[in-house]
Amino acid sequence: MGKPHTIRIAGSDVQFAVEPGETVLDAALRLGLPAPYGCKTGHCGACRAQLVEGSVHYKAPPQALSERERDAGLTLLCEAQPDSDATFDVQLLAADGHLRARNLPARINSRTQLAHDVWQLELQVPKAKPFDFLPGQYIDFLLPDGGRRSFSLAAPPNDDNVLQLQLRKVPGGSFVQHVVDELDDCAVLRIQGPLGGFFMREAPQRPAVFIAGGTGFAPIRAILLSELAAGQSKPLHLYWGVRARRDLYDAELAESWAREHANVQFTPVLSDPEPDDNWNGRTGFVHQVAAEDFPDCSELDVYVSGPPVLVDAAKRDLGKQGLRPARTFYDAFEYAHVTWPALASDD
Ligand SMILES: Cc1cc2nc3c(=O)[nH]c(=O)nc-3n(C[C@H](O)[C@H](O)[C@H](O)COP(=O)(O)OP(=O)(O)OC[C@H]3O[C@@H](n4cnc5c(N)ncnc54)[C@H](O)[C@@H]3O)c2cc1C
């Protein structure tokens, strides 16, 4: 039988023991440490952390890490089991644990159609306790059959505990269609959150580039609303890729950021403009447009959210142009057929 190993969090005095057979994330959560996480199955990458010292092993190679990320020392805490004492560089969510995920009822406040296939959903969660989260994080809907659906929070936390989401209705999809077309006004759903590790890192000296695909705009919207309200002044460049002009469902907001803040640039990119769009803007794949504009990505922080294929392509292509894995943050909008873990009990 092995012995426990001591894990340290770089730049802090946090340290804790991981029992033999336990993952680093399970040990951290068991002790109430606010480590970022999402699916807990190695798929979403929310619990990525830089291994600074020591070594770990996995039962199976974690899907969310590319070879390049593994070579750069990135690990997935939800799957990693230490082979030795180890030190990780990971940003804990909050010192006091108040960002721990909770299960809550959420009542539908409103449903507003934003585009032909996108709806804004507003949810009211109980006001007894503030529902706090980091802009960029997401929630899971907990379905009666044990399934889950993940959706990003599209606006920063607020005093009213109202959550905003932007839901795309996918062909053949069951959940969004049910929410949009079938549920009564005021219906109550169960959610779990906040989840995920997609949030703005402090790096005052480096410009940040945001690459959104489709409703991947939602978490970036929350981040930028929050950063701009806080007076963020470093260069922020938003690329938003969709098929045609009608899919730019929140373009006015993004344009207003660029108009009102000298440090913000907004580049909408259409992959498949309609003839009626009379589009004179950029076209093609959104990550390639960003790559054209930043031939040297070595001094950038890049945030990507949207379809997994976009996230993978952005990591690969911008990586070839010097983007460092440790400065790449992403939320891959995996479909719900990915196996999610059993539900945690209510608190
Ligand atoms: C961390 C995270 C955050 C997310 N945030 C958002 C968000 O803010 N807004 C949003 O709209 N989505 C978001 N998603 C994606 C969303 O959770 C999935 O698309 C979900 O499966 C949709 O549920 P559904 O029941 O409507 O469709 P499902 O019943 O799950 O899907 C039915 C069929 O459609 C396919 N399918 C599902 N989703 C897609 C898709 N996006 N594109 C193409 N085919 C698809 C499936 O493979 C399946 O065959 C997020 C996902 C993750 C992991």
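Atoms within a ligand are numbered from 1 in the order they appear, just like the ligands themselves.
Residue Leu167 approaches ligand 1 through these ligand atoms, each under 4.0 Å from one of its heavy atoms: 11 (O). Taking every non-hydrogen atom of Gly172 and a distance limit under 4.0 Å, the qualifying atoms of ligand 1 come out as 32 (C). The atoms of ligand 1 that sit less than 4.0 Å from any heavy atom of Pro171 are 34 (O).
Considering both main-chain and side-chain atoms, Gln177 never comes within under 3.5 Å of ligand 1 through any nitrogen or oxygen pair. Taking distance alone, with nitrogen or oxygen atoms compared against 3.5 Å, Arg168 approaches ligand 1 more closely than that limit. For a threshold of 3.5 Å applied to N or O pairs, the pair formed by Val170 and ligand 1 contains no separation below that value. Taking distance alone, with nitrogen or oxygen atoms compared against 3.5 Å, Ser152 approaches ligand 1 more closely than that limit.
For residues 11-27, the set of pairs meeting the salt bridge (Lys or Arg N to Asp or Glu O under 4.0 Å) definition, not counting sequence neighbours, comprises Glu22-Arg30.
Judged purely by atom type and a 3.5 angstrom limit, Asp140 has no side-chain atom pairing as donor or acceptor with the backbone of Leu142.
Contacts between Gln166 and ligand 1 below 4.0 angstrom, taking non-hydrogen atoms only, involve the backbone exclusively.
Inter-residue side-chain proximity for Leu167 and Val118 is flagged as unmet; no heavy-atom pair is nearer than 4.5 Å.
Not a single side-chain hydrogen bond (donor to acceptor under 3.5 Å, both in side chains) links Ser12 to another residue, sequence neighbours left out.
The residue from Gly173, Ser305, Ala332 that puts a heavy atom closest to atom 28 (P) of ligand 1 is Gly173. Here atom 52 (C) of ligand 1 lies nearest to Ser150 when heavy atoms of Gly216, Ser150, Gly196, Pro308 are compared. Closest to atom 3 (C) of ligand 1 by heavy atom, among Trp119, Phe175, Phe333, Tyr335, is Phe333.
Both the sub-6.0 Å distance and the 45° axial angle are satisfied by Arg201 relative to the ring of Phe199.
Atom-to-atom distance recorded for Gln192:CD and Ser150:OG is 10.0 Å, nearest 0.5 angstrom.
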Could you give me the CA-CA distance, side-chain angles and deciding distance for Thr267 and His237, then say whether side-chain hydrogen bond (donor to acceptor under 3.5 Å, both in side chains) is met?
CA-CA 8 Å; Thr267 306; His237 199 139; 2.8 Å; yes
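In this structure, Arg324 pairs ionically with Glu299, as a charged nitrogen and a carboxylate oxygen lie closer than 4.0 Å.
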